[in-house]
Amino acid sequence: MFRLFKNWYHNHFSQPGTVEFALVLAVSFILVYFFMWLVGPLVVALCLAYVLDWAVCALITSCHLKRPTAAAVVMVLFIGVAALILILLVPQVIRQGAQFYNAMLALSQDAAISDLTLRGSDVDTYIATWLYSLIQMLPDPLPSMLSRDDLHAAAASLRTQIINYTANLMRTQLMPSVVNVFTYLMYLIIVPIFTFLMLRNKRQLQERFLTYILPNNQVLIKEFWPAISGQIAGYIRGKLLHIIIITCVNTLAFRVFSLNYAVLLGLGVGLSVVIPYVGAVIIAIPVILVAVLQFGFTSTLLWLLLVYLIIQLLDSNVLTPMLFSKAMNLDAFSILAAILIFGGLWGFWGVFFAIPLATFIKTLIVRWPSENHRKTTPSLGLNLSKSSTDNTKS
């Protein structure tokens, strides 16, 4: 056993700087895990800096401005757009969120709601009748095992559990976040300052960060950093653009059908893209529930669900491949495992960065300098640098 461990250690940590780099990664993970609540504004500012850096570079190239001036112009424009969104969008979301929460409470008590055509018991009756007619077509003894009342009770129980869970989620998770005015006030003040400083002093901050990680061996950092930085920047920009496009398209579709809570549901669908696969299933429940209760089992409901399904298919098969390069692609198992693990560790930010973190780990495993790689590829450093440059361009 000791010899096996010794051979593994020699194979993976014999190259210069690998032990120090592994210790840096371990310490960074421990610090982020225990102090994520403290570095929240820095994480938000870093995401915004990655998003806005392309605009700063564009101004520098096209208008021949210096980086401090370009960063100031971009930040002024960004703050103006953000303020406009806060004024126009946030009040509607809060108002529709309160209406949706009150509707969920009324539905849990089977009360009538003026904005909705059906009551909860009407949906239960329809589902029970449809299931009962389906069971009657099956061979004996299945039709005699379940009665219409049993199916109605099961449908009512399932509906009550879904509605209570949704209302409890809004009460315990969403509402405390919305009403935490002090936290948002701090973010509104500190985050733009941090973002501007990151954009203004990009090169100095990167050089300082890379120098402090491994001051005695910069070769390993220069091999990994371009690929990782390019992947993170591409993912953050693509994901935010993804959220905006999906939110606008779904909100417009819901408004065309005059669906209640269109802005709230459209925003929910847009935010659901943060969680691949799982988010689409979760957000589909309130969308279908509101559509069924408002339109009933009519042709309008079918057309709405058809449009919603088409948007989801176009998103997964056209928009997502266009926004994200192949370097960010992972298999479904790796994506779900990353969401489960990092989401459990860091909540929302763990879910948001699940894919780039999984890609980072994959990059470490594939490109970690080892004795076998050194024997098979003598020009390892050159290949890594070329691959990193290609990933950065992508």
Between the main-chain N or O of [Y] and the side-chain N or O of [X], is there a donor-acceptor pair closer than 3.5 Å?
| X | Y | answer |
| --- | --- | --- |
| Thr195 | Val191 | yes |
| Gln99 | Tyr261 | no |
| Ser272 | Val269 | yes |
| Gln312 | Tyr308 | no |
| Thr61 | Ala58 | no |
| Thr69 | Leu65 | no |

Do [X] and [Y] make a side-chain contact, defined as non-hydrogen atoms from C-beta onward lying under 4.5 Å apart?
| X | Y | result |
| --- | --- | --- |
| Ile243 | Leu267 | no |
| Val290 | Phe100 | yes |
| Leu302 | Phe297 | no |
| Leu340 | Leu336 | no |
| Ile135 | Leu151 | yes |

Starting at [atom1] of [X], measure out to [atom2] of [Y] and round the result to the nearest 0.5 Å.
| X | Y | atom1 | atom2 | answer |
| --- | --- | --- | --- | --- |
| Leu240 | Ile245 | CG | CD1 | 11.0 Å |
| Tyr235 | His242 | OH | NE2 | 10.0 Å |
| Leu305 | Thr300 | CG | OG1 | 10.5 Å |
| Leu205 | Leu197 | CG | CG | 8.0 Å |
| Ile288 | Ile283 | CD1 | CD1 | 10.5 Å |
| Ser299 | Leu306 | OG | CG | 12.0 Å |

Item to check | From Ile246, Ile311, Leu314, Val273, residue fulfilling side-chain contact (heavy atoms from CB on, under 4.5 Å) relative to Leu319 | outcome: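 Looking at Ile246, Ile311, Leu314, Val273, the match for Leu319 under the side-chain contact (heavy atoms from CB on, under 4.5 Å) is Ile246.
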side-chain contact (heavy atoms from CB on, under 4.5 Å) with Phe254: of Val307, Asn260, Leu304, only one passes, and it is Leu304
[X] and [Y]: same hydrophobic cluster, using ILVMFWY side-chain contacts below 4.5 Å?
| X | Y | value |
| --- | --- | --- |
| Leu77 | Leu84 | no |
| Leu134 | Ile127 | yes |
| Ile282 | Ile339 | yes |
| Tyr126 | Ile162 | no |
| Ile193 | Val76 | no |

Checklist entry - Of all residues at least two apart in sequence or in a different chain, which pass the salt bridge (charged side-chain N to carboxylate O under 4.0 Å, His left out) check with Asp53? => result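 Only Arg67, Lys202 meet the salt bridge (charged side-chain N to carboxylate O under 4.0 Å, His left out) criterion with Asp53.
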Which atom pair, heavy atoms only, marks the closest approach of [X] to [Y]?
| X | Y | answer |
| --- | --- | --- |
| Ala70 | Ile60 | CB-CG1, 3.9 Å |
| Arg255 | Ala262 | CG-CB, 3.8 Å |
| Ala291 | Leu301 | CB-CD1, 3.6 Å |
| Met75 | Leu199 | SD-CD1, 4.0 Å |
| Ala338 | Ala354 | CB-O, 3.6 Å |
| Gln294 | Ser258 | NE2-O, 2.8 Å |

With sequence neighbours left out, the residues meeting ring-ring contact (aromatic ring centres under 6.0 Å, His included) with Phe257 are none
* Asked: side chain to side chain contact (heavy atoms under 4.5 Å, CB included) between Leu42 and Met198: does it pass, once the steps are laid out?
  -> CA-CA 10 Å; Leu42 285 175; Met198 290 178 182; 4.1 Å; yes
| Passes side chain to side chain contact (heavy atoms under 4.5 Å, CB included), Leu259 versus Phe295? Steps please. | CA-CA 9 Å; Leu259 183 68; Phe295 301 120; 3.7 Å; yes
>> The test is side chain to side chain contact (heavy atoms under 4.5 Å, CB included); show your working for Ile244 and Cys248 and say whether it passes.
In response: CA-CA 6 Å; Ile244 294 173; Cys248 295; 4.2 Å; yes
Between Phe194 and Leu48, does the side chain to side chain contact (heavy atoms under 4.5 Å, CB included) criterion hold? Intermediate values first, please. CA-CA 10 Å; Phe194 276 139; Leu48 293 177; over 6 Å; no
